[in-house]
Novice: 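Please find one structure pasted underneath; my questions will follow.
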Amino acid sequence: MDFTLSEEHRMIRDSVREFCDAEVAPIAQEIEDEHRFPAGVFDRLAELDVMGVPIDEKWGGLGGDQLMYALVTEELGRVSGAIGLSYAAHVSLGAKPIELFGTDEQRERWLRPLATGEHLGAWALTEPGSGSDASDMDTTARKDGEEWVLNGTKQFITNANVAGSVLVKAVTEPDGGYSGISTFVVDPADDGFEVSTVWDKMGLNASPTCEIQLNDVRVPAD
Ligand SMILES: Cc1cc2nc3c(=O)[nH]c(=O)nc-3n(C[C@H](O)[C@H](O)[C@H](O)COP(=O)(O)OP(=O)(O)OC[C@H]3O[C@@H](n4cnc5c(N)ncnc54)[C@H](O)[C@@H]3O)c2cc1C
């Protein structure tokens with residue numbers, strides 16, 4: 001097996017490494033100490049065109065593979081674990097599922113701004129009463145005409161207070177087990193969506209970890 005990186009992979013890795021050494025490493029300790037999410041770093045990552053590395057170019061991504069995405073995440077994590085965490089949550093949790101499972105209309109509306117770095121993404125699965133056993137969740141989505149109405153609390157959600165969209169998991173069929181859980185793209189600006197806590201952690205504090213409340217959040221059925 002050949003483990004040599006291709007020219008393209010080395011080029012991306014080296015340009016992100018250069019950026020990290022020049023612009024992230026000098027502020028890495030400061031943003032941790034101040035518990036500050038570095039929005040400017042993510043603006044620069046968008047300029048470097050790496051906010052959607054494994055997303056198809058058709059949707060504004062770079063069209064890279066998982067190895068390329070891993071190399072970028074590794075370089076970011078090398079200088080700031082918190083930035084690596086928020087970046088990985090944005091790509092793997094907030095964006096990629098829309099490419100894999102969304103409709104073209106949803107990809108155009110929600111994935112493109114994530115892949116270009118206009119918005120950050122988040123994913124809300126964990127709850128105060130369900131972590132490893134994620135299927136034991138209490139958040140519900142009830143159909144009301146052409147809308148779904150979401151209610152519940154989500155816990156430890158990376159990027160929720162800085163995201164342009166949050167993929168919220170909710171029970172749509174109470175007796176349906178795993179297949180009774182659905183994913184909804186929620187706009188944090190929607191009525192009923194509230195970030196109730198941004199936790200202080202033992203580390204990775206430049207990556208926001210949030211509790212969110214969903215009180216009758218209405219999402220269109222399409
Ligand atoms: C920094 C950070 C960021 C996060 N970001 C997100 C996010 O963006 N979105 C999101 O949805 N969630 C997020 N999470 C939540 C994370 O996914 C959960 O913490 C994780 O699923 C574990 O759940 P829990 O904390 O409730 O622990 P628990 O499930 O209560 O587990 C506690 C301990 O028990 C062990 N354990 C659990 N079940 C068993 C079993 N059956 N047998 C043996 N041992 C077991 C576990 O290994 C663990 O050591 C984040 C968490 C952190 C710390």
Side-chain angles (χ1 to χ4, degrees), residues 8-9 12 15-16 37-77 83-126 134 139 141 146-148 150 154 157-170 172 179 181-193 195 207-210 212 214 217-222:
E8 201 187 6
H9 285 92
I12 294 281
S15 65
V16 174
F37 174 75
V41 168
F42 285 86
D43 291 342
R44 290 284 292 122
L45 290 172
E47 285 169 21
L48 291 172
D49 204 12
V50 294
M51 289 300 280
V53 171
I55 308 290
D56 200 308
E57 286 166 288
K58 183 177 170 190
W59 304 113
L62 194 62
D65 57 10
Q66 289 299 315
L67 175 60
M68 189 179 285
Y69 165 51
L71 289 168
V72 173
T73 310
E74 195 172 52
E75 287 305 319
L76 292 168
I83 291 176
L85 170 60
S86 274
Y87 174 78
H90 160 80
V91 176
S92 292
L93 303 180
K96 192 70 186 176
I98 304 177
E99 181 177 47
L100 292 175
F101 306 113
T103 62
D104 277 359
E105 202 179 304
Q106 290 163 344
R107 292 181 183 120
E108 188 57 49
R109 172 155 184 211
W110 299 106
L111 177 60
R112 188 176 295 285
L114 295 171
T116 57
E118 188 187 329
H119 289 165
L120 266 170
W123 150 286
L125 170 71
T126 306
T139 296
E146 291 306 301
E147 293 177 322
W148 287 91
L150 275 62
K154 293 290 179 181
I157 309 308
T158 301
N159 298 342
N161 62 337
V162 289
S165 57
V166 182
L167 300 185
V168 175
K169 304 275 173 183
T172 43
S179 47
I181 295 172
S182 305
T183 303
F184 297 85
V185 191
V186 174
D187 183 339
D190 283 348
D191 286 346
F193 182 100
V195 175
S207 173
T209 306
C210 309
I212 62 181
L214 302 147
V217 175
R218 290 184 168 267
V219 178
D222 60 357

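The first residue of the sequence shown is numbered 1, and numbering continues consecutively from there. Here the structure is a predicted model, which means the values were calculated and not measured.
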Novice: Do Trp59 and Ile98 have side-chain heavy atoms sitting under 4.5 Å apart?
Specialist: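 Result no, sub-4.5 Å side-chain heavy-atom pair not found.
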Novice: Nearest heavy-atom pair of Val195 and Ala160: which atoms, and what distance?
Specialist: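 For Val195 versus Ala160, the nearest heavy atoms are CG2-O, 4.0 Å.
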Novice: How many angstroms lie between atom CD1 of Ile55 and atom CZ of Arg107, to the nearest 0.5 angstrom?
Specialist: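 It is 10.0 Å, given to the nearest 0.5 Å.
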Novice: Which pair of heavy atoms, one from Thr158 and one from Ala122, lies closest together, and at what distance?
Specialist: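 Reported closest heavy-atom pair: O-CB, 3.3 Å.
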Novice: To the nearest 0.5 Å, how far apart are CD in Glu108 and OG1 in Thr103?
Specialist: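 Here the rounded value is 10.5 Å.
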Novice: Applying the side-chain contact (heavy atoms from CB on, under 4.5 Å) test to Pro208, which of Leu85, Ile157, Val162 qualifies?
Specialist: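 By the side-chain contact (heavy atoms from CB on, under 4.5 Å) criterion, Pro208 pairs with just one of Leu85, Ile157, Val162: Val162.
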Novice: Please check if the side chain of Lys154 supplies one atom and the backbone of Cys210 the other of a donor-acceptor pair under 3.5 Å.
Specialist: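 No; zero donor-acceptor contacts below 3.5 Å.
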Novice: For the atom pair CG (Leu150) and NZ (Lys169), what is the distance rounded to the nearest 0.5 Å?
Specialist: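 Rounded to the nearest 0.5 Å, the CG-NZ separation comes out at 12.5 Å.
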Novice: First locate atom CD of Glu8, then atom CG of Leu62, and finally report the distance between them rounded to the nearest 0.5 Å.
Specialist: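 Reported to 0.5 Å precision, the distance equals 7.5 Å.
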Novice: Would the distance check show the side chain of Asn159 and the main-chain N or O of Ser86 forming a donor-acceptor pair, the cut-off being under 3.5 Å?
Specialist: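 Yes, the answer is positive, given that a donor and an acceptor are paired below the 3.5 Å cut-off.
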Novice: Could you pull out the closest heavy-atom pair between Gly94 and Pro97, with the gap in Å?
Specialist: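 The answer is C-CD, 4.3 Å.
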Novice: Classify the angle between the aromatic ring planes of Phe42 and Phe37 as parallel (below 30°), tilted (30 to 60°) or perpendicular (above 60°).
Specialist: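 Correct class here is parallel.
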Novice: Considering only heavy atoms from C-beta outward, does the side chain of Ser92 approach that of Tyr69 to under 4.5 Å?
Specialist: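 When only atoms from C-beta onward are counted, Tyr69 and Ser92 do touch, with a gap below 4.5 Å.
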Novice: Got a sec: does the CD of Glu47 have more than 12 other heavy atoms crowding it under 6.0 Å?
Specialist: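 Enclosed.
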Novice: Are Val219 and Val168 side-chain neighbours, meaning at least one heavy-atom pair lies under 4.5 Å?
Specialist: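 They are not in side-chain contact.
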Novice: Atom CG of Asp104 and atom CZ of Arg109: how far apart are they, to the nearest 0.5 Å?
Specialist: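 If I round to the nearest 0.5 Å, the distance is 15.5 Å.
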Novice: Keeping the roles fixed (side chain from Glu99, backbone from Asp56), state whether a donor-acceptor pair exists under 3.5 Å.
Specialist: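 Indeed, once roles are kept as given, a pair shorter than 3.5 Å links the two residues.
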Novice: Do Glu74 and Leu71 have side chains that approach each other closer than 4.5 Å (heavy atoms only, starting at C-beta)?
Specialist: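 In short, these two side chains touch, coming nearer than 4.5 Å.
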Novice: Would you check if Tyr87 and Val50 make a side-chain contact, meaning some heavy-atom pair closer than 4.5 Å?
Specialist: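 Yes - at least one pair of side-chain heavy atoms lies under 4.5 Å apart.
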Novice: Given 3.5 Å as the limit, does a donor-acceptor pair link the side chain of His119 with the main chain of Ser165, or not?
Specialist: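 Checked: no pair found.
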Novice: Could you tell me whether Asp191 atom CG has more than 12 heavy atoms of other residues or ligands within 6.0 Å of it?
Specialist: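 Count not over threshold, so no.
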Novice: Between Lys96 and Val91, is there a donor-acceptor pair closer than 3.5 Å when you use the side chain of the first and the backbone of the second?
Specialist: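 Side chain of Lys96 to backbone of Val91, a donor-acceptor pair under 3.5 Å: no, none is there.
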Novice: Closest approach of Gln106 and Gly102, non-hydrogen atoms and distance?
Specialist: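 That closest heavy-atom pairing would be OE1-CA, 3.2 Å.
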Novice: Can you give me the closest heavy-atom contact between Pro54 and Asp65, atom names plus distance?
Specialist: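 Result for this residue pair: CB-O, 4.4 Å.
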Novice: With rounding to the nearest 0.5 angstrom, report the NE2 to OG distance, His90 to Ser207.
Specialist: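 Going from the NE2 atom of His90 to the OG atom of Ser207 covers 13.0 Å.
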Novice: Do you know the tightest heavy-atom contact between Val186 and Phe193?
Specialist: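 That closest heavy-atom pairing would be CG1-CD1, 3.7 Å.
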Novice: Do the side chains of Leu114 and Leu120 get nearer than 4.5 Å, heavy atoms only?
Specialist: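 Result no, sub-4.5 Å side-chain heavy-atom pair not found.
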